[in-house]
Number of protein chains: 2
Amino acid sequence: MSEPSKVRVLSIDDHPLVREGLAALINDQTDMRIVGQGSTGHEAIKLFRELRPDVALMDVRLPDMSGIDAMITILSEFPEARVIVVTSSEGDVEMQRALEGGAKGYMLKSMPPNEVLQAIRKVHAGKKAIPPEIAAHLANHMSDETLTDREVEILQQVAEGNRNRDIADRLFISEGTVKVHIKHIMEKLGANDRTQAITIAVRRGIIRL
Amino acid sequence: MSEPSKVRVLSIDDHPLVREGLAALINDQTDMRIVGQGSTGHEAIKLFRELRPDVALMDVRLPDMSGIDAMITILSEFPEARVIVVTSSEGDVEMQRALEGGAKGYMLKSMPPNEVLQAIRKVHAGKKAIPPEIAAHLANHMSDETLTDREVEILQQVAEGNRNRDIADRLFISEGTVKVHIKHIMEKLGANDRTQAITIAVRRGIIRL
DNA sequence: ACGCTTTTCAGGGATATCGCCGAATACTGC
DNA sequence: GCAGTATTCGGCGATATCCCTGAAAAGCGT
């Protein structure tokens, strides 16, 4: 026990190359090491239970579920878990959900390696690691203009090219109601028409194509 | 010279973690090694001239230009260059452009490491490395339904939420012309309306939001 | 020079969307 | 209970879009 115990890191990402990169980077450090890797949300939960890592790096996009949902599940079981959410460069909504869901850090895959390592060290030390540009983005763009579940549902239908009449039929509501929802959606997003609503929603990460 | 010369690989990707992963993976092999890394298209071209690698791994999304355009520039100077285009999971158009542009291989970041290595070896041996699912996708979905430059331009305007009238003004054409273009676009993409046209175009990688 | 594609333009009818009005039900939080 | 929000519904007028027809100029390859 004379050796200083290293920070035990769990890495979840569906891209093997990213996992390799993270593993190589982290295992090169004297103060941390990778104790487990996975590529799905269910693996993440299973591995967390088994390994109880000090820090978990969680990709947002996983084959079976959102990494954020996996994180929330883990946090409900281990409220002390320190999770850093990793993303390629998605929209604002992901950040908000991640932070509201209890992420201790938010990290971009385009960040230089030393910043990645610093983020891990900060989070392990009990601090939060949010890149300043992300924090600023959140403060500005995100207020209370979040869409309701129903509105997102409608928006998704719109993106699929359905007419209001068709959307009404599919969701078992009247066409008038669909109109009202779309009106609200456009107001909240600041869109001129339904087409721009889709564009803005995709950019913000509200819907995925 | 008794030692077998290793395959010299150049890796271009704007995500340091992916580069790290690739580097770690490749340098672990006995028959290949990383001779250079870069994160932009211009770096790619510069490094290729200097290093003349046996195989170049080129990410499609780079900060300054498309990796495919960087590849085309390189090929115009070194027609024998063997370039493998690497992507996260983009649309069909990227593949088509990559292969038409002279890529010797196409690779997904989600592929397992051994397949990545196999692809590099195949391409170095002068063969092509196209994942079967990609090849199948190309054969089906892609025939001659490519949009013209003008049509893509119009489509981009549509995505921004501009009305036909506004698009006409911006591009200095009549509204009737805009209509015709949009009609053609929807025909080619098989879309019911302009909104779905956006959705399909983004999925296929024709436009980017 | 001929054919093909692209791009340009126009008019009109059917349909869809946008914007605005008002209104009822239901659930959440205080 | 009561305020606030979400969801539901209807109608109507102005405008936009979709779809059709027909046409013509410019560029490209053969």
Side-chain angles (χ1 to χ4, degrees), chain A residues 72 93 96-97 100-101 142-202 204 206-207, chain B residues 72 93 96-97 100-101 142-202 204 206-207:
Chain A
I72 291 172
V93 172
Q96 199 183 29
R97 277 204 64 211
E100 285 176 354
M142 207 79 77
S143 43
D144 41 12
E145 297 297 60
T146 45
L147 300 189
T148 65
D149 292 346
R150 192 56 155 176
E151 284 166 350
V152 173
E153 206 177 350
I154 301 272
L155 196 54
Q156 219 118 28
Q157 295 289 325
V158 172
E160 292 303 329
N162 292 314
R163 296 170 309 168
N164 292 348
R165 175 77 249 136
D166 297 336
I167 297 173
D169 290 347
R170 287 183 185 227
L171 302 183
F172 306 110
I173 56 178
S174 86
E175 195 175 341
T177 304
V178 175
K179 287 184 186 179
V180 175
H181 283 306
I182 293 178
K183 184 171 117 69
H184 290 157
I185 291 168
M186 294 196 300
E187 276 169 4
K188 287 184 179 178
L189 298 182
N192 301 318
D193 57 34
R194 51 169 54 207
T195 305
Q196 194 181 20
I198 299 299
T199 304
I200 295 173
V202 170
R204 295 211 187 152
I206 296 169
I207 60 171
Chain B
I72 290 173
V93 172
Q96 198 184 29
R97 276 204 67 213
E100 285 175 356
M142 206 79 78
S143 44
D144 41 14
E145 297 297 61
T146 46
L147 299 189
T148 66
D149 291 347
R150 192 56 157 176
E151 284 165 350
V152 173
E153 207 177 349
I154 302 272
L155 196 54
Q156 219 116 30
Q157 295 289 325
V158 173
E160 293 303 328
N162 292 315
R163 296 169 308 167
N164 291 349
R165 175 77 250 139
D166 296 336
I167 297 173
D169 289 346
R170 287 182 185 228
L171 303 182
F172 306 110
I173 57 180
S174 85
E175 197 175 341
T177 304
V178 175
K179 287 184 186 179
V180 176
H181 283 305
I182 294 179
K183 185 171 118 69
H184 289 157
I185 291 168
M186 294 194 301
E187 277 170 3
K188 288 183 178 178
L189 297 183
N192 300 321
D193 57 32
R194 53 170 53 207
T195 306
Q196 194 181 21
I198 298 300
T199 304
I200 295 174
V202 171
R204 294 207 187 157
I206 295 169
I207 60 170

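Below, read A as the first sequence line, B as the second, and so on, with proteins coming before strands; counting in each chain starts at 1.
Look at CD on B/Glu175: it is 17 Å from C1' on C/dT7, rounded to the nearest Å. The separation between A/Ile185 atom CD1 and D/dT7 atom P is 10 Å, rounded to whole Å. As a whole-Å value, the separation of A/Leu189 CG from C/dC18 C1' is 16 Å. Atom CG in B/Asn164 sits about 17 Å away from atom P in C/dA16, given to the nearest Å. Nucleotide D/dT8 holds its P atom 8 Å from the CD atom of A/Glu153, rounded to whole Å. Note: CG (A/Asp166) to P (D/dC18) measures 14 Å, nearest angstrom. Here D/dT21 presents its P atom at 16 Å from NZ of B/Lys179, a figure rounded to the nearest Å. Taking atom CZ on B/Arg170 and atom P on C/dT8, their separation rounds to 16 Å, with Å as the unit.
Of the candidates D/dT17, C/dG19, D/dC18, C/dG19 carries the atom nearest the A/Met186 side chain, counting heavy atoms from C-beta on.
With salt bridges taken as basic N to acidic carboxylate O contacts below 4.0 Å, none links A/Arg170 and A/Asp166. Electrostatic pairing of A/Lys179 and A/Glu175 does not count as a salt bridge here, judged by no charged N lying under 4.0 Å from a carboxylate O.
Between B/Thr148 and the phosphate of C/dT7, there is a side-chain N or O to OP1/OP2 separation shorter than 4.0 Å. Phosphate proximity of C/dT7 to B/Arg150: absent, as no side-chain N or O sits under 4.0 Å from OP1 or OP2. A/Thr177 has no side-chain polar atom (N or O) that falls below the 4.0 Å cut-off from OP1 or OP2 of D/dT7. An OP1 or OP2 oxygen of D/dA6 is reached within less than 4.0 angstrom by no side-chain nitrogen or oxygen of A/His184.
Remark: of the listed residues A/Met186, A/Glu153, A/Glu151, A/Glu151 is the sole one forming a side chain to side chain contact (heavy atoms under 4.5 Å, CB included) with A/His181.
Between A/Val158 and A/Ile198, the shortest heavy-atom contact is CG1-CD1, 4.0 Å.
Nearest-nucleotide assignment on DNA chain C puts the 5′-proximal partner with B/Ile154, out of B/Ile154 and B/Asp193.
A side-chain donor from one of B/Asn162 and B/Gln157 sits under 3.5 Å from a side-chain acceptor of the other.
Residue contacts for B/Arg194: at a heavy-atom cut-off of 4.0 Å it reaches the sugar-phosphate backbone alone, with no base atom in range. As judged by a 4.0 angstrom heavy-atom cut-off over every strand, B/Ser174 is placed among residues touching the sugar-phosphate backbone only.
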